[in-house]
Amino acid sequence: MRIFLSSTAYDLYDIRAFVIHELENDGHEVVYHENAAFPVHFGHSHDECMEAIKKCDVVVCILDRRYGGSYRGAGAPHIVDQKLKIKYYGKNGEPNSEEITIPARDLSITWCELITAFTNKMPVMTFARKRMLDEKETRRRNQEYKEFQTAYVENSLIFDLVDWITKQSRSNWIAGFDSIVDLRSMLSRWSAALKSEFVVNRTEENSTQIPSSHIAIVVEGENDRKFVKFLIEKLKLQSFFSITVGGGSSIVSNLRMMLDSQYGAAYDKVVVLADADLKDNFSKLNDRLDGENSVHIVFADPEIETWLVAGLDPDFFNSRAGNITRKVFLEHFGKMTGIELDRQLLHYDIEAAKNLLPELARFIELISDTESDRNRDIAE
């Protein structure tokens with residue numbers, strides 16, 4: 001995964017070096033401005049950073065006591081005044097809120113980098129020093145005191161940036177850390193989740209190419225996730241993929257929450273893969289899905305194991321007339337660990353399975369983004 005590191009520089013040079021070391025040791029490619037190989041096209045350094053972000057897959061942001069210098073680039077069209085509502089407490093402790101506007105001229109380069117990431121539908125992971133977050137809480141509890149002076153941070157605009165991040169429709173979680181020990185543990189867990197949940201295929205030919213689209217795939221279980229990830233990598237699909245495990249019948253309520261929270265707006269397409277026994281459950285969402293052209297539901301009938309057998313042993317599939325359940329799968333192949341399933345998938349015949357299962361062929365067409373390709377061809 002190609003990761004852009006966004007933060008202030010001078011105060012966090014040691015933290016930045018540590019994060020770069022940890023992520024690179026975990027197999028990621030980290031893009032950071034200190035690197036001699038950082039892509040430069042002789043524009044303003046602030047604009048170069050935002051251009052570099054567009055060629056990455058994920059952004060890691062680190063926030064501490066410094067807000068950072070203001071954006072002074074050539075004037076990117078997406079860098080505009082930022083409006084947000086902050087919540088605070090009045091002098092008598094009563095909850096209150098206020099809409100504020102941060103002029104574009106006051107936005108820090110870190111803030112502008114994050115705007116670029118969110119505008120391009122990229123996942124963002126933010127780590128913030130707890131001492132700064134604590135002082136933000138103190139400030140919000142004393143918001144009406146104009147003479148308030150911060151003890152730790154250099155510029156209280158960092159508090160507005162934190163609130164802005166938390167109000168995004170996605171990637172709005174901020175992980176607080178006290179020390180490098182905390183940060184190492186968080187980075188390790190996050191990196192493992194990143195490898196599991198996100199898939200981007202890169203070759204030498206498309207190493208700097210921006211993914212054509214962002215596709216969210218929601219599946220029921222771990223075997224489903226492994227199978228979908230296998231298809232994406234085997235077919236060398238070039239979109240940016242997020243694979244989320246929904247968990248049995250809760251996948252329906254998860255999809256409803258995704259739609260209600262406008263999670264789908266972060267992706268060009270949402271594809272749900274579920275076993276056929278959930279058809280009735282999903283029918284309850286028909287009214288909500290009406291008009292949602294970017295949301296697609298595909299059923300593995302009767303179960304995902306049917307799709308697995310169709311490509312692992314087509315002859316056995318045909319001998320059972322396609323009537324493959326999880327029980328039949330276990331009787332034929334035995335219980336597999338995740339590693340054993342990965343090994344079996346190395347021998348999976350995708351074309352044979354597509355010929356046997358029209359819904360699998362439809363699922364592959366959806367995640368291959370061929371519909372968007374056709375629409376682009378028509379437009380051209």
Practice item. Answer yes or no: is there a side-chain heavy-atom contact under 4.5 Å between Q82 and L107? Key: yes
Point to revise | Hphob cluster co-occupancy, V80 + M50, side-chain heavy atoms under 4.5 angstrom | key: no
Check your understanding: Is a side-chain donor or acceptor of E303 paired with a backbone partner of R326 at a separation under 3.5 angstrom?
Key -> yes
Review point. Could R141 and Y89 be counted as a cation-pi pair, given that NZ or CZ must be under 6.0 Å from the ring centre and within 45° of the axis?
Key: yes
Exercise for review: Using a 4.5 Å cut-off on heavy atoms from C-beta on, say whether the side chain of F363 contacts that of V228.
Suggested key: yes
Check your understanding: For F148, does the CZ atom sit with more than 12 other heavy atoms under 6.0 Å from it, leaving out its own atoms?
Key -> yes
Practice item. Check the side chains of S242 and H214 for a donor-acceptor pair under 3.5 angstrom, ignoring hydrogens and angles. Key: no
Less than 3.5 Å apart, which donor and acceptor atoms pair up between the side chains of residues 343-357 and the rest of the protein, not counting sequence neighbours?
unit_1: Y348; atom_1: OH; unit_2: W307; atom_2: O; d: 2.5
unit_1: D349; atom_1: OD1; unit_2: E351; atom_2: N; d: 3.3
unit_1: D349; atom_1: OD1; unit_2: A352; atom_2: N; d: 3.0
unit_1: N355; atom_1: ND2; unit_2: E351; atom_2: O; d: 3.2

**Study point:** D163 with R140: basic N within carboxylate O range, under 4.0 Å
**Key:** yes
Review point. Passes side-chain contact (heavy atoms from CB on, under 4.5 Å), N323 versus V328? Steps please.
Key: CA-CA 9 Å; N323 186 23; V328 172; over 6 Å; no
Review point. Quick check, are the ring centers of F282 and F299 under 6.0 angstrom apart?
Key: yes
Practice item. Report yes or no: does D81 contribute a side-chain atom to a donor-acceptor pair with the main-chain N or O of A104 at less than 3.5 Å? Key: yes
Check your understanding: Is V60 linked to Y13 within one hydrophobic cluster, defined over Ile, Leu, Val, Met, Phe, Trp and Tyr using a side-chain heavy-atom separation of less than 4.5 Å?
Key -> no
Practice item. Decide if the gap between the ring center of F241 and the ring center of F198 is smaller than 6.0 angstrom. Key: no
Review point. Is the shortest heavy-atom distance from the side chain of N155 to the side chain of V153 under 4.5 Å?
Key: no
Check your understanding: What's the verdict on side-chain contact (heavy atoms from CB on, under 4.5 Å) for T116 and T119, showing C-alpha distance, side-chain angles and the deciding distance?
Key -> CA-CA 5 Å; T116 302; T119 299; 5.7 Å; no
Point to revise | Flag, side chain of E98 to backbone of N96, donor-acceptor distance under 3.5 Å | key: no
Practice item. Please determine if K121 forms a cation-pi arrangement with F240, meaning its NZ or CZ atom is less than 6.0 Å from the six-membered ring centre and no more than 45° off the ring axis. Key: no
Exercise for review: Taking D224 for its side chain and I304 for its backbone only, find out whether a donor-acceptor pair lies under 3.5 Å.
Suggested key: no
Point to revise | Pair K91 + E144, salt bridge at N-O below 4.0 Å | key: no
Review point. Distance under 6.0 Å and angle within 45° of the ring axis: does K130 meet both against F177?
Key: no
Exercise for review: Test E365 against R362 for salt bridge (charged side-chain N to carboxylate O under 4.0 Å, His left out), laying out the working first.
Suggested key: CA-CA 5 Å; E365 182 179 14; R362 175 173 170 257; over 6 Å; no
Exercise for review: Apply side-chain contact (heavy atoms from CB on, under 4.5 Å) to the pair E305 and N223, showing each step before the final yes or no.
Suggested key: CA-CA 9 Å; E305 283 75 13; N223 282 352; 4.1 Å; yes
Point to revise | Flag, side chain of E135 to backbone of A151, donor-acceptor distance under 3.5 Å | key: yes
Practice item. Please examine the side chains of V199 and M1, heavy atoms only from C-beta on, and report whether any two atoms are closer than 4.5 Å. Key: no
Review point. Quick check: does any side chain N or O of S97 sit under 3.5 Å from a backbone N or O of K87, one acting as donor and the other as acceptor?
Key: no
Practice item. Could you label the plane-to-plane angle of the H28 and W190 rings as parallel, tilted or perpendicular, counting under 30° as parallel and over 60° as perpendicular? Key: tilted
Review point. For R72, does its backbone N or O pair with a side-chain atom of H46 as donor and acceptor, under 3.5 Å?
Key: yes
Exercise for review: May I ask you to test the I251-V272 pair for a side-chain heavy-atom distance under 4.5 Å?
Suggested key: yes
Point to revise | Expected output: side-chain Q238 to main-chain K236 donor-acceptor under 3.5 Å | key: yes
Point to revise | I243 side chain near V219 side chain, heavy-atom distance below 4.5 Å | key: yes
Check your understanding: Does a side chain donor of either S283 or D280 reach within less than 3.5 Å of an acceptor in the other side chain?
Key -> no
Check your understanding: Are the side chain of D313 and the backbone of V309 linked by a donor-acceptor contact shorter than 3.5 Å?
Key -> no
Review point. Does Y152 have R65 sitting over its ring (NZ/CZ under 6.0 Å from centre, angle to axis within 45°)?
Key: yes
Practice item. Can you measure from CD (Q168) to OG1 (T166) and round to the nearest 0.5 angstrom? Key: 8.5 Å
Point to revise | Whether over 12 other heavy atoms sit under 6.0 Å from Q149 CD | key: no
Check your understanding: Do E34 and R16 pass the salt bridge (charged side-chain N to carboxylate O under 4.0 Å, His left out) test, and can you show the C-alpha distance, the side-chain angles, and the key distance before you say yes or no?
Key -> CA-CA 10 Å; E34 303 97 322; R16 287 176 64 87; 2.6 Å; yes
Point to revise | Check ion pair E99-K83 (N to O, under 4.0 angstrom) | key: no
Check your understanding: Do S191 and D26 have side-chain atoms, one donor and one acceptor, less than 3.5 Å apart?
Key -> yes
Practice item. Classify the angle between the aromatic ring planes of W164 and W111 as parallel (below 30°), tilted (30 to 60°) or perpendicular (above 60°). Key: tilted
Practice item. Go through R66 and D11 one step at a time and tell me if the salt bridge (charged side-chain N to carboxylate O under 4.0 Å, His left out) criterion holds. Key: CA-CA 7 Å; R66 290 191 67 238; D11 59 324; 3.8 Å; yes
Study note, to complete from the structure: Between A276 and D301 the two heavy atoms that sit nearest each other are CB-OD1, 3.4 Å
Review point. With side chains defined as the heavy atoms from C-beta onward, is the minimum distance between F230 and K226 less than 4.5 Å?
Key: no
Check your understanding: Between S185 and R189, do the side chains contain an N or O donor and an N or O acceptor separated by less than 3.5 Å?
Key -> yes
**Study point:** Donor-acceptor contact below 3.5 Å, side chain S196 vs main chain A192
**Key:** no
Review point. Do L114 and V59 touch side chain to side chain, with heavy atoms closer than 4.5 Å?
Key: yes
Review point. To the nearest 0.5 Å, how far apart are CD1 in I62 and OG1 in T110?
Key: 10.0 Å
Review point. Side chains of S239 and S213: do they bring a donor and an acceptor to under 3.5 Å?
Key: yes
Check your understanding: Between the side chains of Y71 and D47, is a donor N or O closer than 3.5 angstrom to an acceptor N or O?
Key -> yes
Exercise for review: Quick one: closest heavy-atom pair of M336 and L341, and the distance?
Suggested key: SD-CA, 3.8 Å
Revision key, fill the gap. Closest non-hydrogen atoms of V124 and S171, given as atom of the first, atom of the second and distance, are N-OG, 3.0 Å
Revision key, fill the gap. Value for CG (D160) from NZ (K136), rounded to nearest 0.5 Å, stands at 9.0 Å
